[in-house]
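Notes for the one structure printed next.
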Amino acid sequence: MLRNIFITGGAGFIGSRLVFALLKNEPNSRIWVLDNLHPQVHGENAKPPFFPNEVIFIEGDITDKYFLKKVVAQARPELVFHLAAETGTGQSYGEVSRYCDVNVMGTANLIESIREEGGGVTKKIVLSASRAIYGEGAYRDKCGKIFTGLPRTTEFMAKGDFSVPLPDDAQHPVSPHPSNTSLAPAPASIYASTKLMQELLLKQSGEGCTWNTTILRFQNVYGPGQSLLNPYTGVLSIFAKQLLEGKKLDIYEDGLIARDFVYVDDVVNSLVKAGQADLNRGATMDIGSGKAVTILEVARLLMKFLECSDESYTITGQFRAGDIRHACADISAAAQNLDWRPQIDLETGIAQLSNWARTEFK
Ligand SMILES: NC(=O)c1ccc[n+]([C@@H]2O[C@H](COP(=O)([O-])OP(=O)(O)OC[C@H]3O[C@@H](n4cnc5c(N)ncnc54)[C@H](O)[C@@H]3O)[C@@H](O)[C@H]2O)c1
């Protein structure tokens, strides 16, 4: 008998590649995709994605509880990947209720649908969570003590001070350190808070149920297929589009914001493995490359692969609320529990992204 796998947000950047990876890795499964083809991601009046006939694609919204219940009643999934979400950090400040509706209430609707209509067959829900829940993330002081960076204030940033404040007892010098689940959550944006709520709701509601939750906290995912339309997420896709349009890049702060960029197929591989592994209830892992790179460095790589002048940028000194200064994942838990390690290095990944972006612009 085929086992049913249900993916919310399966028409998106990560979800659509997950569909193809599951077709390859889970041959005895039937894949169901629910996605509302969000215009901000897919454009107005978008057509359903091209999936092979055996994939059941349903256009619908996770905020519509009654519709979601009907779909779950049909699919009766053994395995669920929850990816549907509003994803823009900056945008989330102006659209608090929408972010809560989709990310928090949408997750609540999914939980109730599985409980009430899933037929008691669901064994696992894998959440696409975010490193955003760490806020400014981990810092290590000269005595080896780990601290969470404190939120940066607009008052200081407006004066050009982009440094991350630390608690008074930190012994300087202090340097950024890879974040892992031992760090207490410190979300620094509405988006981050809603992503943390998703984790909590899924973990808590799994108690006493047939299913458990696995949480994968992704760093910055990049690669071919990330929406070139969405101005709120995917800095490398946004940069690629601007460079191909002949524009100069505006690089915020002093160019030294650092991110951990992880290639989309590596992330998809972590999802597939999480779906297959026998893990503890609520197992939580960080998924990234494990290396931080500055926005300026990565922008220069893009300029190289897109054959643009290496001066196609301006360091503007502008800043955005909610942007954190430094992000990097400690990926040892995923290596240990999932036998997962990233396979695609940054140069290879940026080359792939550049080739794809070029064909999109032909
Ligand atoms: N891309 C990243 O860098 C990154 C980093 C951390 C976490 N994540 C998480 O991974 C998940 C997938 O992200 P992505 O980069 O593929 O984004 P994406 O925007 O490409 O995909 C999200 C998909 O969800 C759909 N969707 C949005 N709202 C919906 C709703 N109300 N009902 C049904 N479908 C809806 C969209 O149409 C889209 O196809 C998200 O949960 C995101 O928070 C992504």
Side-chain angles (χ1 to χ4, degrees), residues 6-19 32-44 46-49 51 57-65 67-68 71 81-89 91-92 95 98-110 113 125-134 187 189-199 202 215-238 259-268 270-271 274 285-289 324 327 329 349 353:
F6 181 51
I7 310 175
T8 72
F13 168 45
I14 301 169
S16 55
R17 287 175 98 94
L18 175 63
V19 169
W32 301 70
V33 171
L34 177 82
D35 196 297
N36 70 350
L37 300 178
H38 195 321
Q40 185 172 301
V41 179
H42 299 276
E44 294 297 332
K47 292 203 179 73
F51 288 138
F57 176 78
I58 299 162
E59 188 172 339
D61 202 303
I62 56 166
T63 60
D64 183 344
K65 181 157 89 178
F67 184 74
L68 185 57
V71 175
F81 291 95
H82 183 30
L83 285 86
E86 293 287 348
T87 60
T89 302
Q91 186 186 36
S92 67
E95 306 210 25
R98 188 152 73 93
Y99 273 68
C100 288
D101 276 350
V102 176
N103 296 359
V104 181
M105 283 309 294
T107 302
N109 292 340
L110 178 65
S113 301
I125 304 178
V126 182
L127 173 67
S128 286
S130 172
R131 69 77 48 215
I133 65 111
Y134 294 125
S189 68
I190 303 293
Y191 166 68
S193 297
T194 62
K195 292 300 285 183
L196 179 58
M197 271 302 281
Q198 292 187 320
E199 292 191 13
L202 280 165
I215 292 164
L216 300 182
R217 292 176 178 164
F218 302 154
Q219 297 276 329
N220 275 58
V221 189
Y222 75 100
Q226 187 161 34
S227 175
L228 293 166
L229 303 170
N230 190 346
Y232 299 101
T233 49
V235 63
L236 297 189
S237 286
I238 295 171
R259 290 288 179 273
D260 177 336
F261 287 101
V262 56
Y263 191 69
V264 61
D265 289 346
D266 282 329
V267 169
V268 164
S270 74
L271 285 163
M285 284 158 276
D286 292 280
I287 300 295
S289 69
I324 57 108
L353 170 66

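FYI, the numbering just counts along the sequence from 1. First listed ligand is number 1; within each ligand, the first listed atom is number 1.
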Donor-acceptor check, side chain of S128 to backbone of L83, threshold 3.5 angstrom: yes or no? no
Can you name the closest pair of heavy atoms from N103 and K195 and give their distance? ND2-CD, 4.4 Å
List the atom of L271, the atom of F81, and the distance in Å for their closest heavy-atom pair. O-CE2, 3.3 Å
With a 4.0 Å cut-off on N to O distance, would you call R17 and D265 a salt bridge? yes
May I have a table of the N/O to N/O pairs between ligand 1 and the protein that fall below 3.5 Å, each row giving the two atom names and the distance to 0.1 Å?
| from | atom 1 | to | atom 2 | distance (Å) |
| --- | --- | --- | --- | --- |
| ligand 1 | 3 (O) | V221 | N | 2.9 |
| ligand 1 | 16 (O) | F13 | N | 3.4 |
| ligand 1 | 16 (O) | I14 | N | 3.0 |
| ligand 1 | 20 (O) | F13 | N | 2.9 |
| ligand 1 | 26 (N) | N36 | OD1 | 3.3 |
| ligand 1 | 31 (N) | D61 | OD1 | 2.8 |
| ligand 1 | 32 (N) | I62 | N | 3.0 |
| ligand 1 | 34 (N) | N36 | N | 3.2 |
| ligand 1 | 34 (N) | N36 | OD1 | 3.3 |
| ligand 1 | 37 (O) | D35 | OD1 | 2.6 |
| ligand 1 | 37 (O) | N36 | OD1 | 3.3 |
| ligand 1 | 37 (O) | H38 | N | 3.0 |
| ligand 1 | 37 (O) | H42 | NE2 | 3.2 |
| ligand 1 | 39 (O) | G12 | N | 3.1 |
| ligand 1 | 39 (O) | D35 | OD1 | 3.2 |
| ligand 1 | 39 (O) | D35 | OD2 | 2.6 |
| ligand 1 | 39 (O) | H42 | NE2 | 2.7 |
| ligand 1 | 41 (O) | L83 | O | 2.8 |
| ligand 1 | 41 (O) | K195 | NZ | 2.8 |
| ligand 1 | 43 (O) | Y191 | OH | 2.8 |
| ligand 1 | 43 (O) | K195 | NZ | 2.9 |

So, Q91 versus Y99: side-chain donor-acceptor pair below 3.5 Å or not? yes
Drop me the distance from S16's OG to F51's CZ, to the nearest 0.5 angstrom. 5.5 Å
